[in-house]
Amino acid sequence: MVKVKLKRKNFKVEKDSRISDLITDKKVIAALLNGKLCDLSKEITNDCQLELINFSSDIGKKIYWHSASHIMAMAVKSLFPKAKYAIGPAIEQGFYYDFDTKKRFSPEDLEKIEKKMVEIIAKNIPFERITMKKEAVIEFFNRREEQYKVELVKAIPDPEVSLYRNNDFIDLCAGPHVPSTGYIKTFKLLSIAGAYWRGDIHQSMLSRIYGIAFPDNKELKAYLKKLEEAKQRDHRRLGTELELYSIFEEAGSGLVYWHPKGALVKRLIEEYWLQEHINAGYLIVSTPHIARGHLWHQSGHYAFYHEHMFILPVENEEYILKPMNCPGHILIYKSKVRSYKDLPLKYAELGQVYRNELSGTLHGLLRVRGITIDDGHIFCQPSQIVDELCKVLELTLKILKKFGFDHYKIDLSVRGQHDKEKYMGSDEEWIRAEKGLVSALDKMNLEYARKQGEAVFYGPKIDIKLLDALGREWQATTIQFDFNLPKRFKIEYMDKDGQHKEVVAIHRAIYGSLERFIGCLIEHYKGAFPLWLSPVQVVVMPITNKQNKYANKVFKRLLKQKLRVELNDKSEKMNYRIREAEVQKAPYIIIVGKREVDNNTVSVRKHSKGDIGIMKLKDFLNLIKKDLGGND
RNA sequence: GCCAGCGUAGCUCAGUUGGAAGAGCAGCGGUUUCGUAAACCGCAGGUCAGCAGUUCGAAUCUGCUCGCUGGCUCCA
């Protein structure tokens, strides 16, 4: 007999009994045996501590989805025996599996695969764990001509490798898995996509099938409904509905045309930015959209990114639409000798840049070719680094909060360990910069993920990513050290000791791209901007045309208060006009009928709240004032 | 850029095996004067993304181009 501790209870079981023998709960799919993940078929050989895992935990979901991906691979292999299988992990939401097939999958194939999966699940085939010597596994997959698996096994350092078997389907896998295929209660295959083997553009393109699975049909339905709802607040849909912007096929992709309402929102965001930056000690500059090729050769951008630049022939040379603002700011810095007393010197500009992003990556406002960057460059001394980084983070958090963003992810990207030659700058510079970034993050109490090898070639950086309606991450804020430009442009300052010294250059953008930021903002607010950002803040409407005169008076008084007001006295029913204003997500609607005219009042309706009562216009203005001031 | 799918009126979408291009909303003209999310009648609106081909006949089939969507890769 051996002792088992489970949920604070101790009991004894026969030696070598399986974990599954101890439990009756069908929701349990795997276990932690002394803290190590294992299948329920695992035998208990010694005294141990046991924890049970079901779908409700993150790790449980991963196991469940991973098992579903095996079932999908089984179905694919039985329908398309010649398909080579590559990898099929669980992901944040669901799972995928990559296959190399002669003929690509079609949507009809997905239906067939789904049907086959249902059959496999109905058969309730057990997942069996097998361990074998690595060489034997390589030989096994070689015999089956599964070259992707062979490649994967070869990369495993251990001498022993685990496989999972369902009847004659055998896959390389660390596990664990649900005990049998019948544990997957409900699932859906969602999409087909191409994916490079090992994520490498030079390798073959595989067919990837994405899917999701749940133990309960209700959960699947809720998940699909959530996807549907996310579509409702897609910024591309809302952008059209609310007449914010267009991207015209005939004018070029990735180029945004802001309609009056969108342009107004953009302008308000820019004005807020301008105020905050002036207050934070930035000096506002403005630089041209185009510069001689020479400048981009000197900066080094030409060599690295010329494929993504818009290059124009002008007389005997090339001019280039600026893909970034840095060289311009540097030229201004260099226009005279700078003293250590001038530092830190901070330039900022809402600069329009153009980048020839790959066509397949363009995505509404979130990835465009004409980008408004809220660019800033900090030129400082080494001793000022931490202080300046903290100030940038402080300003960033203030601005993100202003827009109600409280869900974001922070990455600290540093250089890779083994490919230092890829990066510019000395060890000393990299270490100093990373230390600065880390201590600024720590000082601001921010959680972050350290991403090794994700730095840009010229320096380490902090990125802040916002989420769209579907939970996809989009980089907004970026704070980057640059060990490249100071050398290339010889950006220096005169120090106390009369020596010319190289400045520390830090790039930073808080919105990142205004286009992207507004795209995220639309989805974040579901198109219902807060009062201070609303293109139309108040809609005034008389109930019948007998109140037109009074409505007009109210309208004019609100205009005088510098509010963005619209008068809607169209000859439509009041309900119709209320709906019109609600669909446009106007924060406030003022309705005036006979009662209001007689008592010199207004009836107020608030977006998403409905009727909030009758009041004097003065009280309404106080309400608005409060609403406008409430966000700082 | 790569893989797959899609492109019909301003918007959302029907359109069967190739056989006379449709609806709702929006727009315009009337009627209606109404109490918190869609009044009624009428009118107009389309080179079915573009080009080429197959066919007696193409929105429908084929090829190419452009654009979009979901991924992959990339994002200075």
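Every chain is numbered from 1 and lettered A, B, ... according to where its sequence line falls, protein lines coming before strand lines.
Scanning for side-chain contact (heavy atoms from CB on, under 4.5 Å) contacts around A:Pro460 gives A:Trp430, A:Ala433, A:Leu437, A:Phe481, A:Phe483, with sequence neighbours left out. Partners of A:Asn545 according to the side-chain contact (heavy atoms from CB on, under 4.5 Å) rule, which considers only residues two or more places apart in sequence or in another chain, are A:Asn548. Every residue was checked against the ring pair (Phe, Tyr, Trp, His ring centres under 6.0 Å) condition with A:Phe529, not counting sequence neighbours, and none meets it.
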Using atom types as modelled, flag every donor-acceptor pair under 3.5 Å from a side chain in residues 238-255 of chain A to any protein atom, sequence neighbours excluded.
unit_1, atom_1, unit_2, atom_2, d
A:Thr240, OG1, A:Arg236, O, 3.2
A:Glu241, OE2, A:Arg237, NE, 3.3
A:Ser246, OG, A:His259, NE2, 2.6

All N/O donor-acceptor pairs, side-chain side in residues 294-305 of chain A, below 3.5 Å, sequence neighbours left out:
unit_1, atom_1, unit_2, atom_2, d
A:His297, ND1, A:Gly293, O, 3.2
A:Gln298, NE2, A:Arg488, O, 3.3
A:Ser299, OG, A:Trp296, O, 3.1
A:Ser299, OG, A:His301, N, 3.2
A:Ser299, OG, A:His301, ND1, 2.6
A:Tyr302, OH, A:Glu318, OE1, 3.3

Polar-atom pairs under 3.5 Å, protein N or O versus N or O of nucleotides 6-10 of chain B: list them with distances, or write none.
none

Atom pairs under 3.5 Å: protein N/O with N/O of nucleotides 24-30 of chain B:
unit_1, atom_1, unit_2, atom_2, d
B:rA26, OP1, A:Tyr576, OH, 2.7

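We find that CG of A:Asp109 is positioned 14 Å from C1' of B:rC3, with the value rounded to whole Å. Protein atom CZ of A:Arg237 is 13 Å distant from nucleotide atom P of B:rC11, rounded to whole Å. Straight-line distance from the CG atom of A:Asp100 to the C1' atom of B:rA4: 15 Å, rounded to whole Å. One atom, CD of A:Glu582, and another, C1' of B:rA37, lie 7 Å apart when rounded to the nearest Å. Going from atom CD1 of A:Ile612 over to atom P of B:rA37 covers 15 Å, rounded to whole Å. For the pair A:Ile589 CD1 and B:rA37 P, the interatomic distance rounds to 9 Å; values are reported in whole Å. Distance A:Asp569 CG to B:rC34 P: 16 Å, rounded to the nearest Å. The CD atom of A:Gln232 sits 12 Å away from the P atom of B:rU12 (whole-angstrom rounding).
Rounded to whole Å, the separation between the C1' atoms of B:rG57 and B:rA49 comes to 23 Å. B:rG7 sits 15 Å from B:rA59 when the P atoms are compared, rounded to a whole Å. Taking atom C1' on both nucleotides, B:rU36 is separated from B:rA4 by 48 Å, rounded to a whole Å. Rounded to whole Å, the C1' atom of B:rC13 lies 27 Å from the corresponding atom of B:rC51. Spacing between B:rU62 and B:rG18 at atom C1', rounded to whole Å, works out to 13 Å. When the P atom is compared between B:rC68 and B:rA38, the two are found 36 Å apart, to the nearest whole Å. Look at the C1' atom in both B:rU16 and B:rA21: the space between them is 15 Å, to the nearest Å. Only the P atoms considered, B:rG70 is 15 Å distant from B:rU12, to the nearest whole Å.
With ring centers used as reference points, A:Tyr210 lies under 6.0 Å from A:Tyr96. Residues A:His607 and A:Tyr588 place their aromatic rings such that the two centres sit no closer than 6.0 Å. For A:Phe555 and A:Tyr550, the ring centers are positioned 6.0 Å apart or more.
Looking only at distances, no side-chain donor or acceptor of A:Gln537 sits under 3.5 Å from a matching main-chain atom of A:Leu563. Using modelled atom types, no side-chain atom of A:Asp419 and backbone atom of A:Lys422 make a donor-acceptor pair closer than 3.5 Å. The closest donor-acceptor contact from the side chain of A:Gln480 to the backbone of A:Val456 lies at 3.5 Å or more, if one exists at all.
Under the 30°/60° scheme for interplanar angles, the aromatic rings of A:Tyr458 and A:His507 are found to be tilted. Relative ring orientation between A:Phe379 and A:Tyr333 is described as tilted, the plane-to-plane angle lying within the 30° to 60° band.
With a 4.5 Å cut-off on side-chain heavy atoms, A:Lys451 and A:Leu412 do not count as touching. Inter-residue side-chain proximity for A:Pro486 and A:Val504 is flagged as unmet; no heavy-atom pair is nearer than 4.5 Å.
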In B/S/- notation (B base, S sugar-phosphate only, - none; protein heavy atoms under 4.0 Å), nucleotides 69-76 of chain B written 5' to 3' is SBBBBBBB
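Base engagement by A:Arg605 is indicated by at least one non-hydrogen atom pair under 4.0 Å involving a base atom. Contact annotation for A:Asn545: base contact, defined as any heavy-atom pair under 4.0 Å involving a base atom.
For A:Ser359, a side-chain nitrogen or oxygen approaches OP1 or OP2 of B:rG1 to under 4.0 Å.
Applying the salt bridge (Lys or Arg N to Asp or Glu O under 4.0 Å) test to residues at least two apart or on different chains, the pairs with a partner in residues 455-472 of chain A are A:Asp411-A:Lys465, A:Lys461-A:Asp463, A:Asp468-A:Arg472. Applying the salt bridge (Lys or Arg N to Asp or Glu O under 4.0 Å) test to pairs two or more places apart or on separate chains, those with a residue in residues 362-380 of chain A are A:Glu357-A:Arg367.
In RNA chain B, consecutive stretches of 3 or more Watson-Crick or G-U wobble pairs with both distances under 3.5 Å are given as paired ranges: B:1-7 with B:66-72, B:10-13 with B:22-25, B:27-31 with B:39-43, B:49-53 with B:61-65.
For the segment residues 590-603 of chain A, residues with any heavy atom less than 4.0 angstrom from an atom of RNA chain B are, sorted by number, A:Ile591, A:Gly593, A:Lys594, A:Arg595, A:Glu596, A:Ser603.
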